[in-house]
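Lettering of chains follows the sequences in order, A, B, ..., and the numbering in each one begins at 1.
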4 protein chains.
Amino acid sequence: MTTVELELATTKATLGAGARMKALVYHGPGKYAWEDKPRPAIQDPGDAIVRITTTTICGTDLHILKGDLPAVTDGRILGHEGIGVVEQVGTGVSEFHVGDKVIISCVTACLKCDFCKRGMYSHCRHGGWILGYTLDGTQAEYVRIPQADGSLYAFPSGGDEEALVMLSDILPTGFECGVLNGKVKPGDTVAIVGAGPVGLAVLLTAQFYSPAAIFMIDLDDKRLAVAKQFGATNLINSADGHAAHHVMELTEGAGVDVAIEALGRQETFENALRVLRPGGTLSSLGVYSGKLAIPLESFAAGLGDHKIVTTLCPGGKERMRRLMELVLHHRIDLTSLLTHRFTFDKIIEAYELFSKQRDGVLKVAIKVAQSNDKM
Amino acid sequence: MTTVELELATTKATLGAGARMKALVYHGPGKYAWEDKPRPAIQDPGDAIVRITTTTICGTDLHILKGDLPAVTDGRILGHEGIGVVEQVGTGVSEFHVGDKVIISCVTACLKCDFCKRGMYSHCRHGGWILGYTLDGTQAEYVRIPQADGSLYAFPSGGDEEALVMLSDILPTGFECGVLNGKVKPGDTVAIVGAGPVGLAVLLTAQFYSPAAIFMIDLDDKRLAVAKQFGATNLINSADGHAAHHVMELTEGAGVDVAIEALGRQETFENALRVLRPGGTLSSLGVYSGKLAIPLESFAAGLGDHKIVTTLCPGGKERMRRLMELVLHHRIDLTSLLTHRFTFDKIIEAYELFSKQRDGVLKVAIKVAQSNDKM
Amino acid sequence: MTTVELELATTKATLGAGARMKALVYHGPGKYAWEDKPRPAIQDPGDAIVRITTTTICGTDLHILKGDLPAVTDGRILGHEGIGVVEQVGTGVSEFHVGDKVIISCVTACLKCDFCKRGMYSHCRHGGWILGYTLDGTQAEYVRIPQADGSLYAFPSGGDEEALVMLSDILPTGFECGVLNGKVKPGDTVAIVGAGPVGLAVLLTAQFYSPAAIFMIDLDDKRLAVAKQFGATNLINSADGHAAHHVMELTEGAGVDVAIEALGRQETFENALRVLRPGGTLSSLGVYSGKLAIPLESFAAGLGDHKIVTTLCPGGKERMRRLMELVLHHRIDLTSLLTHRFTFDKIIEAYELFSKQRDGVLKVAIKVAQSNDKM
Amino acid sequence: MTTVELELATTKATLGAGARMKALVYHGPGKYAWEDKPRPAIQDPGDAIVRITTTTICGTDLHILKGDLPAVTDGRILGHEGIGVVEQVGTGVSEFHVGDKVIISCVTACLKCDFCKRGMYSHCRHGGWILGYTLDGTQAEYVRIPQADGSLYAFPSGGDEEALVMLSDILPTGFECGVLNGKVKPGDTVAIVGAGPVGLAVLLTAQFYSPAAIFMIDLDDKRLAVAKQFGATNLINSADGHAAHHVMELTEGAGVDVAIEALGRQETFENALRVLRPGGTLSSLGVYSGKLAIPLESFAAGLGDHKIVTTLCPGGKERMRRLMELVLHHRIDLTSLLTHRFTFDKIIEAYELFSKQRDGVLKVAIKVAQSNDKM
């Protein structure tokens, strides 16, 4: 970039120069605050500045707060989900314009690197999951989105913000990493281990492929009751330590066609493995902490019992296009995942509720601003 | 096998010797009668004799009556769909036993020939579609089913005969030849050309894959109204000759992801081709009479407009297994296709009604006998 | 774009301002000349100016000269294949730098539009095949490549220009449109109709999948002899009008698993269709002129004979990556397709030779400049 | 079936009554002998008696001799590979006749059960791997093959017995469990861990898909040298404990597209896992003894590193058909795996050589009889 260009960028960046905003900021394990931060500015031609209207909290944010992800440093604005309005675009942005309402993807993608060209956007050399992780995120009044053309989606006219914020992460994650990787097919028997928000997103999207039966496994009867409403055909409380046994009984010893792990613990991974029929597919979405020792005697016995395990989550554009079509045609009700609403100034309360899983909370909507607000 | 067993088999084969039964018999173009015929007997070790309890009539039977299929000769008992009870089995039958209630597949499969081993059962060297075609069929009190282990399916306990007789042909045909070949995926836009029974079976089973929109195209407003009830999102009466134009308007010029032809006429094939998006799939189920001249200018233009056409109908076992699972778990209501009921002695009336498409007829159930009847 | 930006672009563009270059220019049906033209300049941030070192001629160029593609207008520089060195890049280009040696793809792709995000680059809203068609092409000393990040490939160090120029079009086209669409598998029997350069590219790349037998069909014994050297197992001269019959005899009536049409005529398409086994795949690469009437009696008979036809050519990035790997590891000898070399000032002679198919010509290399030339 | 036929079957079954034959018999861990046994006789209508002409020894036979597979009981005739001539068939056998030369598959398949109908022949309810395991095997002059129509393959005229005996197990296992499950594609980089006979079969068949590079990893330099001759592009001796590190260096940190484990030990499984690129496929063929604890930190990290593991070996008919086509068309030289020949009376010497891996042994041919011997 020549000096002339840099000056240009500087000029544009000064539009909001010195302006401040509110944001949810991480200050090391266990510490976070809702505080003042400088507004972000355009830094690269591919950047867009988005004014957030709705954001939400993810289980991964709780992992960060616990200190499980040391790459997140003091001062980082959290959040990788959000809906907003484009406030400014760099000179290299062609698909979005100032004033466009957009859905922010949790996966930033340059579209140009070798991984992006192979469709593995979550491994983008210049992106992947960076928002609210190694880059300031969406739990703020404004956010800088790098590689905007590959990282934003047009918000459909007439869409519902609280429903569509589920498209930032949880729904495409459940759909692609769980259902598509698990290769759910019509008539299948599916077991989902973990009835948290991700497991429920898997449950909702697994039904796009019309399995015959869906077993939901969890320790919490209240979450299991929600799963029933969302379409689970059988509920299994794993508190007695015999979840795998119950599934095998329900399938008359056959095992399930697809098992989807949505928690990230050794015992849930093992349960998912043990209930799988020969030739079945285990799809693992859980974010495991530390090492995971798996007794693979049933898995790897060679001649006796054959399984497939996958944890591929490319962050595909196609999954989003399909989800958007389904939402637009009212084929899925995303608001069912939303249990609580907060204004932005109450985001600390929202975190409290969400982290303690109180009051049957699944996902919360944080209303940051109105779409039609002035700049 | 001991000598005693061998004698038993011989004895059983003589059980029905000389006995008579009622059947619907073809006597050349336009001529058919409900008349007396000898009961069939075991001829090969793989045979089973099935006592029919419920049968139905297919559009293909009407083609036969018109004389369109000259391989069907005078004296042939028609029908390739049916539910019944196994009355006798040859010594080579291992999966079915006397007294088993069964669904008869329209595709007979030896399981052993090269085509069967490739999963292309409809091309079986010793079978394929032969029932009611080159072999006496199911519109009779008894039918001989060759290669019984590959041609029958266990009737599920608690199943509904009038629903499950749809699994003999129409539902697996719509599902495999239409939906699976068409590769319908969640979020797709699908056009189905032809709202007859096969088109409606496609409509029902396409929804296993949650398309966002399904356009149903037909000349008959009454059938279109049925399609609406069955889940079509848009109805297009093609009487004005502009069906393709309407579809392109509805998709804002994009075309559909999947077009399924379910009638078998030149204009319907052309319509299906014209509404297809670049890279879309056309799946053709229609049984075309005579030659079909297709102006492929849009199809074959090479650089401009790329499409895929398929008419592969292997008659797979897997499609049936999946459909059975879905029916058993109440994921699809097959009785919706059934509009009229007849006792076997009224089958001529049933043919009249069905061939003239009167009274909104879709599929008729012909009740031949009770399941628990004595032999 | 603001005024400041426009000035910047203008400044950069003036680097070569007023400079002239030699180019092969189309002047309406049958008329073309090697003449002076202004050098191209950067127009958009995503542009690159490439100094051509090697180019070649495609059969499509001959179609253009005949006037078959009316979208090509008087004054257009032809050519959509080439190797060169990046001379200048726009501010939005991130993957390529001045001095990089590159392979120019015949398909220009923005990577950002809906078609690109679905991997259908040849349908790119801002690109697709435009070089030497609706935009000045590569048979010139310099060419402007729009959307450079999606349209160029890094030339591998140590690569051979005359081999790698085959990666601009002919090899990926043969591989993707022919072999990948045709779904060639180990042990298959394959028929290729047309032994021209594209047919031979199909022949070379089909062998990546180890078919058991490859039948090459053409009218020209000399081209068939080349096909033999390239790996065809059976040669069929179709001059007697019985090519399909010969193939059916060679396969003992079974037909081939995959038929690939590489010429674009009605009779070749019919031949490809007639030799296909039930369930086989026909892949059509030919650029058909005008309408194409296909007697589909065997194709569309419904119950008897099931085939699949495809002409999908998405222009995928993945095919190129794989081809590049194979070339780099010496798994394929691309120079085998190259029969003649010319310096740029003799390009008219090259066109003469190529259009008249003299001297066993397949592909010609046009040497425009040395890679290490000064600007 | 008439009474006359039934009598004939009874008569035929008595033909070899009381006759004796030589066989290799297991007598508990570490004990085996070449001794006299009664000739097998037809027991079921689907049976065939095959007179063995060539057999061989498998690594699994060594596992049995060690006592690793307790399901194998004292007195069992070993062997699950072999070529022979059909001597007798049961009344239910339709695809094979007395005098037919056949290849015996290590997987017996009834074709009729639910697993067979899903194409998972190795899980057949009435078969799977039973020969030389729970049923007397092929290291004998005669063997009874149950479900002959699903368990035998016609020996091609002009075929080479010593080559085609590799089709009983080792080649289809390497091809299907390793290469097809691993989804090797043109241009891929492949790592094979273990250069024993199975690993080499993987190496031979991986080349059907034209990978760009194949890394062979083993402890034995002599076996690595063989791998070089068989087409490996890079050899890695894992004796230094840094095999994974070397692979990562060779791929410049990218990892391989496909890793195939062909030994069955914890460290080889771990190596295969560690060298896999994000989104790569690990295919595991090894027969693991006891439990296998895998530190899955890289595998299951969720956001960072995504892999796919598979051990599905359905024993498909289609893999065999394709392999047969390739052998018949001289696309692969199976005799390269054969290093030693023995007559049947020297089979104990063959076991000695094979178990001690002396003299560069890979596979041994045991010549039991001439094909044209009298009965």
Side-chain angles (χ1 to χ4, degrees), chain C residues 153 156-157 159 167 171-172 174-176 178-180 182-190 201-215 231-234 250-252 254-258 277 279 316-334, chain D residues 153 156-157 159 167 171-172 174-176 178-180 182-190 201-215 231-234 250-252 254-258 277 279 316-334:
Chain C
Y153 293 89
S157 72
L167 289 183
L171 213 73
F175 182 46
E176 183 174 54
V179 176
L180 294 182
K183 293 175 196 137
V184 177
K185 292 190 187 67
D188 271 354
T189 297
V190 176
V202 171
L203 174 57
L204 284 173
T205 53
Q207 294 171 70
F208 292 156
Y209 288 95
S210 304
I214 310 177
F215 305 151
T233 57
N234 299 70
L250 282 165
T251 58
E252 298 175 358
V256 302
D257 297 288
V258 181
R277 73 159 170 82
K317 298 302 162 202
E318 186 66 3
R319 68 177 183 177
M320 274 296 279
R321 194 186 61 78
R322 295 186 175 280
L323 286 172
M324 202 85 88
E325 289 291 326
L326 288 160
V327 169
L328 285 177
H329 286 80
H330 311 290
R331 297 290 185 169
I332 184 169
D333 176 17
L334 298 186
Chain D
Y153 292 89
S157 71
L167 290 183
L171 213 74
F175 182 46
E176 182 173 53
V179 177
L180 295 182
K183 292 175 196 137
V184 177
K185 292 191 186 65
D188 272 353
T189 297
V190 176
V202 170
L203 173 58
L204 284 173
T205 53
Q207 293 171 71
F208 292 157
Y209 287 95
S210 304
I214 310 178
F215 304 151
T233 58
N234 299 71
L250 281 165
T251 59
E252 297 174 0
V256 302
D257 297 288
V258 181
R277 73 159 170 83
K317 298 301 161 203
E318 186 67 1
R319 67 176 185 179
M320 274 295 279
R321 193 185 63 76
R322 295 186 175 281
L323 285 172
M324 202 85 89
E325 288 291 325
L326 288 160
V327 169
L328 286 177
H329 286 81
H330 311 291
R331 296 291 185 169
I332 184 169
D333 175 18
L334 298 187

Looking only at non-hydrogen atoms, find the nearest pair between Leu326(C) and Pro186(D) and report the distance.
CD1-CB, 3.9 Å
Pick from Lys185(D), Arg319(D), Arg321(D): which one has the most heavy-atom pairs with chain C under 4.5 Å?
Lys185(D)
If only atom types and distance count, is the side chain of Arg322(D) paired as donor or acceptor with the main-chain N or O of Gly187(C) below 3.5 Å?
no
Taking side chain as everything from C-beta outward and backbone as N, CA, C, O, which of these in Thr233(D) sits under 4.5 Å from a heavy atom of chain C? Side chain, backbone, both or neither.
side chain
Steps toward side-chain contact (heavy atoms from CB on, under 4.5 Å) verdict (Asp257(D), Glu325(C)):
CA-CA 12 Å; Asp257(D) 297 288; Glu325(C) 289 291 326; over 6 Å; no
Could you measure the distance from the CZ atom of Phe208(C) to the CD atom of Gln207(D)? Nearest 0.5 Å is fine.
14.0 Å
